[in-house]
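Here is the naming used below: chain letters follow the sequence lines, and residue numbers restart at 1 for every chain. Everything quoted here is computed from the prediction, not taken from an experiment.
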Protein chains: 2
Amino acid sequence: MPKVGIRDVAKLADVSTGTVSRVLNDHPSVTTELRERVRGIIKELGYTPDPSARSMRSKVSRLIGIVIPDLTNPFFAELVQSAEQAAANHGYNIIVMTSFDHAAKEVNRIGQLTSRKVDGIILVPSNDFHTITPPKGVPIVVVDRLMPGYSGIAADHRNGARVGVEYLLKLGHRRIGFISGPKQSVPANDRLRGYLDAMEHVGGNQQIVGSPLIAEAAFDYESGRSAGNYLLARARNERPTAIFTSSDQQAIGCMRAAHDLGIPIPAALSIVGFDGIPLSSMTTPRLTTVKQPIQKIAAAAVAALLNRQPTPGADSPVLFDCELSEGETTSPPQPD
Amino acid sequence: MPKVGIRDVAKLADVSTGTVSRVLNDHPSVTTELRERVRGIIKELGYTPDPSARSMRSKVSRLIGIVIPDLTNPFFAELVQSAEQAAANHGYNIIVMTSFDHAAKEVNRIGQLTSRKVDGIILVPSNDFHTITPPKGVPIVVVDRLMPGYSGIAADHRNGARVGVEYLLKLGHRRIGFISGPKQSVPANDRLRGYLDAMEHVGGNQQIVGSPLIAEAAFDYESGRSAGNYLLARARNERPTAIFTSSDQQAIGCMRAAHDLGIPIPAALSIVGFDGIPLSSMTTPRLTTVKQPIQKIAAAAVAALLNRQPTPGADSPVLFDCELSEGETTSPPQPD
DNA sequence: TTGTACGCGTTATCAA
DNA sequence: TTGATAACGCGTACAA
């Protein structure tokens, strides 16, 4: 059985291939009646246009590439899933690639995507992103970890952190510890600034900066745990009554540290996470966290690529508000 | 600047386009010397072949589609990531799609992939898979949830469950509870059978089947929690001293149930999970679990698609062994 | 509004 | 081993 092509449709409908093509692409200059008939034949024959041939002529692949550091990270997984949804709504599909936070691999992936002539690339850059050479013809939008010179879309990490810390302040906490992300990370620094914003507003930051209320760590569970140990292993009236972390995984690690030290949560220690991954609602007790609007971010990224706006946010990234999700790891502080 | 095509390379190298094409595709019948020269020109001009044109002629897209129920599920996320790695090793890329366990959406996704002329499809079928019509020209390999009539690749769930339960038996447990997966799920039933295999071997199964040692549940956290409550809410000498669950998420939910009932783990209750997702090493205490060889499964799926073996496992699926990962949620039982 | 014919960039066939 | 050239399947000026 030879594959059915546009010619077969044309022949059976007794029209030219041009007309069939115009029907396919919803070109206005086709009689409604004729259009219907051709559509009928198309369905009857089960004809689907060959995407390669199509793409070759139209220079459009209806493919979007997305490069992330690690799909095992629930935040990125949800990002990819949301992007896939958004893309599908526009007839686009997604090619995923993992960079493992390795700059060389990342460059390689972007190169692959470029030569595949995808219509756009969504990139969550690796932490040592500076080595990246921007691809020539393909529009690229950077997500989450903003890079100067590219249009960027992300959550408003700074403001989100501020909101989270202010929530703790409102509960009555004053000695609020902070577990930061790695200092090369752009969003990590934004969150740190948000924490400082909120703390300065209350008490002046001279006791804060460089003080043992701040611990630097990677975003993962284990780092959160050891950072938590560092912050909590002191006399009760010196250790923080609350800790704001830079990721949910850190928060969970920190919960374990507290648990191991015999510090009850939230009675003697409040903890707030960041991200709002599904895992955050699976802990005991359920984690209070600052939730990123992942779906909005993904949808905006896809939209930016498809609209091909003239680099709208090359210097002014688009930020989306985070939202506080109240769990069971926060309560007013106990008196010392 | 007009894009550089194969003709430009040919002209500059003073050869025919045919030769350039042969160099590109590593066709053996080209002088080593000539091959080198052409390669030089290619690099000099920064030429990359147009994948659309290429695919149109060769009927090969170097694209593999993967359809999974839910990328938020860490197991599937790791599966996709592993598949991407394996595919990349062969010069292939991955298009991901989510079916949300919805048969209609699944059919639609498969249709999209088929008309995109991907070279193969990796499918984790939705639970009501029976409505699927097999695509015509595209080879498809079913993973994890095996379907009769398709070549399938999966972990040996039955044997894995048996190994997990035997581990508990060896520790001395006898009243071993089981939280199953949904009964429409193929792997869930396999795990149940593995559990029964091990239990029958020890004590005969008449007290087991249909007894309150088995609880049916979905694979998620919340279901695991309520199933755990069901199994544990009885007198100490009647409730199980160990519970084998069908997923890590169930196990974690079950841990919470035990915690809420004041049952210490592993002192008064041992728990074993299934899957070996990253999350399993992040709990307190760290979960003992039966780990699926996800990378092997993914690599095998990709290989099966690329080798286009003559439907090797249409009736005999390829199974990979699971491995017990010992954590801190298991210990010998306390006397009643 | 519809049909005709050419070209997109590559690979495969066949002849040299 | 290499070169010339015909497809591949579709979109689109241009003509009718």
Between C1' of dT10(C) and NZ of K59(A), the distance in whole Å | 11 Å

Separation of atom CG in N25(B) from atom P in dA12(C), rounded to whole Å = 7 Å

Atom CZ of R57(A) and atom C1' of dG7(C): how far apart are they, to the nearest Å?
-> 6 Å

Within the structure shown, what part of the strands sits under 4.0 Å from G5(A) by heavy-atom distance: base, sugar-phosphate, or nothing?
-> sugar-phosphate

Confirm from the modelled atom types if R22(B) and dG3(D) form a donor-acceptor pair under 3.5 Å, side chain to base only.
-> yes

Earlier contact from the 5' end, DNA chain D, for S16(B) and A53(B) | S16(B)

Just compare dT2(D), dT2(C), dC10(D) and give me whichever is closest to any side-chain atom of S29(A).
-> dT2(C)

Is the shortest side-chain N to carboxylate O distance from R109(B) to E84(A) below 4.0 Å?
-> yes

Could you tell me the separation between the NE2 atom of H27(B) and the P atom of dT1(D), rounded to a whole number of Å?
-> 8 Å

Could you please spell out the steps behind the side-chain hydrogen bond (donor to acceptor under 3.5 Å, both in side chains) verdict for Q85(A) and N89(A)?
-> CA-CA 6 Å; Q85(A) 292 302 107; N89(A) 290 339; 5.8 Å; no

Side chains of S55(B) and S52(A): donor-acceptor distance under 3.5 Å anywhere?
-> yes

Presence of salt bridge, K291(B) and D275(B), under 4.0 angstrom | no

Spacing between R62(A) atom CZ and dG11(D) atom P, to the nearest angstrom = 11 Å

D8(B) atom CG is separated from dC8(C) atom P, nearest whole Å, by 12 Å

In whole angstroms, the gap separating P of dT4(C) from CG of D14(A) amounts to 10 Å

Options dG3(D), dT1(D), dT5(D), nucleotide nearest the side-chain atoms of T31(B) | dT1(D)

Of dC8(C), dG11(D), dT11(C), the nucleotide closest to the side chain of T17(B) is dT11(C)

When you measure from the side chain of M56(A), which nucleotide among dC10(D), dG9(D), dG11(D) comes out closest?
-> dG9(D)

Salt bridge or not for D26(B) and R39(B), using N-O below 4.0 Å?
-> yes

For atom CG of D50(B) and atom P of dC10(D), their distance in whole Å | 16 Å

Remember a base hit wins even if backbone is also touched, and classify V30(A) as base, sugar-phosphate or nothing at under 4.0 Å, heavy atoms.
-> sugar-phosphate

